[in-house]
Each structure stands twice: as C-alpha cells, then as structure tokens.
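For reference, the structure discussed in these notes is given below.
Worth knowing before you read on, the calculation uses all heavy atoms, side chains too, and leaves out hydrogens, waters and symmetry mates.
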Amino acid sequence: MAADTLFHRITDYAHRADPYPLYAELREEGVVRDDDGSYLVGTYHEIEALLHDPRISSDRRNRTVPDAAAVAEEGLSPAFIGLDDPEHHRLRSLTMRSFGPPHTPDRIAGMHDDITRIVKDLIGNFADKERIDVVDDFAYPLPVTVICRLLGVPLEDEPQFRQWSDAIVNGIDPTPGEDPEERSRAAAEARKAMGLYLGGLADQRRSHPSDDMLSAFAGDSPDGQLTPLEIMTTSVLLLIAGHETTVNLITNGILTLLRHPDQLARLRGEPALMPRAVEELLRYEPPVQMLPQRTPLADIEVAGVTIPKGAPLILMLASGNRDPRRFRDPDRFDPTREDNQHLGFGSGIHSCFGAPLARLEAQIALNELIQYLDDPRLVEDPPPYRRSPVLRGPRHLLVEYRRSGARGGR
C-alpha cells in the first residue's frame with residue numbers, strides 16, 4: 001500500500017498542525033480515490049449537496065465491505081448519528097423533545113447563567129498562576145461539567161468518562177496504515193461500559209425523576225418512548241458529541257486569537273462581536289475536520305467522478321470551509337465575516353444536534369477568558385495536537401500571562 005497518497009498525508013500526524021495546504025491540493029483534484037477504495041470530497045458546493053442527498057447513507061452497514069467499526073459494534077444499537085431516515089428521524093425527534101424547540105425551547109438559553117458561573121469558577125482557579133494549559137485547566141472541564149449537569153451525571157464520575165471518551169473517539173480515527181480493528185474493539189467496549197452506566201442512571205430516574213435529560217428520556221412521551229437500549233446509545237452520543245467538539249472549538253479559538261492579537265484586542269473591546277467570531281472559528285478551524293462514515297446507496301456522480309454504491313465516502317468539511325469558490329479570502333481569519341454559511345456543524349438532516357449549546361459555551365468561554373488573560377503568550381506554537389484527524393485540536397495549549405493585571409474572572 002502506498003504511503004504517500006493524499007489521504008495518507010492528510011491523516012499523517014506530521015501534518016496535524018497544518019493540514020490546510022493538503023486540503024487545497026484536494027480541492028484542486030476535485031474528487032480523489034484513495035488506494036483503499038474510499039473517495040474524498042473537499043469542495044464546498046459538492047459537500048453541501050451530498051449532505052442533503054438522500055442517496056447518501058450515514059449507516060456504515062451499507063458499505064460493500066463492512067468496516068472495522070461496524071463489525072466491532074455488531075449487536076449494539078446504533079446511535080441516530082449512524083442511522084438513516086425514518087429511524088434517524090424518530091430517534092432524533094424523541095431526543096429533541098427534552099433538548100430544544102418546540103417542546104423545551106428555553107433549555108439551552110436557560111443555561112446561560114449556569115455556564116457563566118462554571119466559566120468564572122474555572123478562571124478563579126487561575127488566581128495564583130502565570131501559566132495555564134487551556135485544555136486541561138479550562139476547555140476540557142467546562143463542557144464535561146455542562147453536559148454532565150444537562151444529562152444528570154454526578155461530576156465525580158468525570159475521570160471515568162474521560163477514559164471512555166478517549167477510547168470512543170480513537171475508534172473513529174481513519175488513519176491509514178494502522179490496524180483499525182483494535183481501536184474499534186476498544187471503542188465498542190468503552191461505548192458499552194458508558195451506555196450501561198448511563199442506562200443505570202436512567203433507571204434510577206424513572207422512580208426519582210429530576211430536571212435533567214436522563215429523567216426526560218426515561219419518562220413517558222405522547223410521541224413515543226425510547227427503549228432502554230436507545231436511551232443508552234443516545235446518552236453516550238450526547239455526552240461524547242456534546243463534549244469532544246466543544247473542547248476543540250474553545251481551544252482552537254484561543255489558539256487562533258493568540259495568533260491574531262489585533263483581532264483578540266478588538267474582541268476584548270467589542271465583546272458583542274463574539275457570536276460572529278465563533279461562527280468564523282467554526283469555518284476557519286472547525287473542531288470536526290471530516291465526516292468519514294458516509295456511503296452512497298447507488299452509483300453517484302460527483303464533479304465528473306462516478307462513486308460506486310457501497311464505497312466509503314469521506315466528506316472533508318474543513319477543506320470545504322476554505323474553498324475560495326465559496327468564501328472570499330478563505331485563509332484569512334475575519335471575525336466580522338458576513339454570509340458565513342460554514343460547514344462547521346455539518347448540514348442537512350445530520351446537522352449537529354448540539355450546535356446551540358456548543359455556540360453558547362464557546363461564546364461565554366472565549367469572552368471571559370480573553371478578558372481575564374493579560375498579555376497572553378503562547379509557550380509553544382504549534383502546540384502538540386491530539387492524534388485524531390477527525391476531531392482535530394491541540395492536546396495541550398500552554399499560555400503564559402501577566403498575573404498582576406488580570407482583567408476579569410470572578
């Protein structure tokens with residue numbers, strides 16, 4: 001197997017800090033077939049069309065040759081992110097009843113004050129420091145605290161969730177040249193363990209309900225009810241998706257702002273710009289770089305290339321976000337960019353379920369942190385990155401600052 005195909009280079013850890021020149025190469029090629037039979041698409045308009053195409057499946061079981069993840073999870077109930085309509089719609093709709101409009105329209109907005117308090121408490125821990133790791137000290141604990149509260153998980157169990165989460169995320173890593181079966185088996189075992197834990201909590205909520213999503217999942221609904229197994233898989237999905245992407249969004253955000261001190265200074269003076277800045281971060285440095293689990297249900301033509309039924313289809317969202325045929329000056333970070341219909345949260349029926357919560361967390365977190373840090377400086381640039389090419393972000397982000405002039409916090 002050739003070691004220098006475009007997909008090999010994109011997923012090679014050596015390019016994790018800056019994959020964008022490779023994405024530009026992908027866009028020039030149009031559609032690229034890798035030596036393992038998978039097809040890469042990296043242009044904005046083609047990706048967007050495929051995300052809305054009913055001939056494109058999210059169910060790995062529709063592949064001509066089942067992949068390692070599908071085999072490892074055989075017998076498990078798939079989460080709705082890996083299903084197609086109508087089953088996807090049924091599960092997503094039941095889950096949405098307790099998460100957002102129209103049934104619980106104020107759940108996310110009502111978390112604003114809670115999230116702000118969590119952020120300020122985390123920043124309060126910096127009082128005696130002149131150096132922090134944005135990941136371990138801030139970006140990781142914030143979303144895991146928020147999602148645990150939302151679901152009703154005791155925070156003292158957070159360390160165990162980190163182990164499970166890491167194994168599950170590693171299971172979706174498509175790095176060529178590495179044995180995917182071992183990662184997939186470990187991910188399946190972690191998913192089972194986390195599901196059993198969350199299912200046990202949901203059972204407790206049936207007799208002692210509270211104002212959390214596990215209680216809502218376990219309760220009766222006029223539109224139907226999630227089975228115990230569906231509660232497990234849906235809860236695992238929400239915990240992983242609601243946490244992992246937000247860690248990267250916040251960390252990539254701080255890294256980008258420290259690399260653009262003029263924009264950081266502007267956002268300090270104009271905090272009302274932060275919602276638009278977060279949208280630009282989702283375009284410029286998206287936490288989800290690619291969707292590796294799509295499969296055509298029929299032969300399809302994309303940019304003059306026929307992709308056969310059942311072939312692995314990989315949609316390179318981060319490449320589409322830098323497509324000059326869609327975005328003017330796409331390699332420039334512009335927090336005031338208009339017409340910013342990025343692919344940071346995907347699109348179509350599988351658009352990110354937790355996008356409103358991720359946006360709110362990132363806006364509050366970035367606003368508070370940049371107000372606090374006085375004269376912040378990156379200790380290492382580029383920082384060390386996580387292994388995954390799918391969920392891309394720094395593993396650590398060390399920042400030094402002047403303690404005496406701290407701006408905000410508590």
Give the minimum heavy-atom separation between [X] and [Y], together with the two atoms involved.
{"X": "Gly42", "Y": "Arg27", "answer": "O-CG, 3.3 Å"}
{"X": "Ile370", "Y": "Arg268", "answer": "O-NE, 2.7 Å"}
{"X": "Ala167", "Y": "Ala186", "answer": "CB-O, 4.1 Å"}
{"X": "Arg149", "Y": "Asp212", "answer": "O-CB, 4.3 Å"}
{"X": "Val31", "Y": "Val302", "answer": "CG2-O, 3.4 Å"}
{"X": "Ile147", "Y": "Leu239", "answer": "CG1-CA, 4.0 Å"}

Ionic contact status for [Y] with [X], cut-off 4.0 Å:
{"X": "Asp339", "Y": "Arg326", "result": "yes"}
{"X": "Arg337", "Y": "Asp334", "result": "no"}
{"X": "Glu279", "Y": "Arg276", "result": "no"}
{"X": "Arg117", "Y": "Asp114", "result": "yes"}
{"X": "Asp375", "Y": "Arg402", "result": "yes"}
{"X": "Arg322", "Y": "Asp331", "result": "yes"}
{"X": "Glu87", "Y": "Arg90", "result": "yes"}

[atom1] of [X] to [atom2] of [Y]: how many Å apart, nearest 0.5 Å?
{"X": "Leu255", "Y": "Glu285", "atom1": "CG", "atom2": "CD", "answer": "7.0 Å"}
{"X": "Leu343", "Y": "Leu51", "atom1": "CG", "atom2": "CG", "answer": "6.5 Å"}
{"X": "Ile115", "Y": "Ile364", "atom1": "CD1", "atom2": "CD1", "answer": "5.0 Å"}
{"X": "Arg92", "Y": "Phe99", "atom1": "CZ", "atom2": "CZ", "answer": "10.0 Å"}
{"X": "Met316", "Y": "Glu46", "atom1": "CE", "atom2": "CD", "answer": "15.0 Å"}
{"X": "Ile81", "Y": "Thr233", "atom1": "CD1", "atom2": "OG1", "answer": "12.0 Å"}

Is there a side-chain contact between [X] and [Y] in this structure, where contact means two heavy atoms from C-beta onward sitting under 4.5 Å apart?
{"X": "Leu282", "Y": "Pro287", "value": "yes"}
{"X": "Arg205", "Y": "Ser210", "value": "yes"}
{"X": "Glu230", "Y": "Gln225", "value": "no"}
{"X": "Leu40", "Y": "Ile10", "value": "yes"}
{"X": "Ser388", "Y": "Gln289", "value": "no"}
{"X": "Asp35", "Y": "Phe7", "value": "no"}
{"X": "Val146", "Y": "Thr246", "value": "no"}
{"X": "Ile307", "Y": "Asp299", "value": "no"}

Ring centers of [X], [Y] separated by less than 6.0 Å:
{"X": "Tyr140", "Y": "His243", "value": "yes"}
{"X": "Tyr13", "Y": "Tyr385", "value": "no"}
{"X": "Tyr44", "Y": "Phe327", "value": "yes"}

Requested in this report: Check the pair Ile132 / Leu398 against side-chain contact (heavy atoms from CB on, under 4.5 Å), numbers first and verdict last.
Outcome: CA-CA 6 Å; Ile132 61 170; Leu398 298 179; over 6 Å; no
Do side-chain atoms of [X] reach the backbone of [Y] as a donor and acceptor pair under 3.5 angstrom?
{"X": "Asp12", "Y": "His8", "value": "no"}
{"X": "Asn252", "Y": "Asn248", "value": "yes"}
{"X": "Tyr23", "Y": "Leu317", "value": "no"}
{"X": "His260", "Y": "Asp262", "value": "no"}
{"X": "Asp106", "Y": "Ala109", "value": "no"}
{"X": "Arg283", "Y": "Pro330", "value": "yes"}
{"X": "Thr95", "Y": "Leu91", "value": "yes"}
{"X": "Arg191", "Y": "Leu237", "value": "no"}
{"X": "Arg107", "Y": "Ser98", "value": "yes"}
{"X": "Arg60", "Y": "Gln293", "value": "no"}

Do other residues, nucleotides or ligands put more than 12 heavy atoms under 6.0 Å from the [atom1] atom of [X]?
{"X": "His45", "atom1": "NE2", "result": "yes"}
{"X": "Asp211", "atom1": "CG", "result": "no"}
{"X": "Glu28", "atom1": "CD", "result": "no"}
{"X": "Ile108", "atom1": "CD1", "result": "yes"}
{"X": "Glu338", "atom1": "CD", "result": "no"}

Query - Test log, rule side-chain contact (heavy atoms from CB on, under 4.5 Å), inputs Phe138 and Ile254 - result: CA-CA 11 Å; Phe138 188 72; Ile254 290 296; 5.9 Å; no
Report task. Answer with yes or no whether the side chains of His396 and Asp133 bring together a donor and an acceptor at under 3.5 Å. Result -> yes
Report task. Start with the C-alpha gap between Thr64 and Lys309, add the side-chain angles, then the distance that decides, and say whether side-chain contact (heavy atoms from CB on, under 4.5 Å) holds. Result -> CA-CA 8 Å; Thr64 303; Lys309 173 183 177 180; 5.6 Å; no
Requested in this report: Over 60° means perpendicular and under 30° means parallel, so classify the ring planes of Tyr20 and Tyr284, tilted if in between.
Outcome: parallel
**Report entry** Under the side chain to side chain contact (heavy atoms under 4.5 Å, CB included) test, residues paired with Ala277 that sit two or more places apart
**Finding:** Leu267, Met274, Pro335
Requested in this report: Starting from the C-alpha separation in whole Å, work towards a yes-or-no answer on side-chain contact (heavy atoms from CB on, under 4.5 Å) for Ile118 and Leu122.
Outcome: CA-CA 6 Å; Ile118 296 168; Leu122 289 169; 4.2 Å; yes
Query raised in the report: Going through the distances and angles, do Asn62 and Thr295 end up as a side chain to side chain donor-acceptor pair (under 3.5 Å)?
Result: CA-CA 7 Å; Asn62 285 316; Thr295 308; over 6 Å; no
**Report entry** Pair Ser38-Asp36, side chain to side chain donor-acceptor pair (under 3.5 Å): steps then yes or no
**Finding:** CA-CA 6 Å; Ser38 60; Asp36 66 354; 2.6 Å; yes
Query raised in the report: How far apart are the C-alpha atoms of His88 and Ser58, what are their side-chain angles, what is the distance that settles it, and do they pass the side chain to side chain donor-acceptor pair (under 3.5 Å) test?
Result: CA-CA 10 Å; His88 161 267; Ser58 294; over 6 Å; no
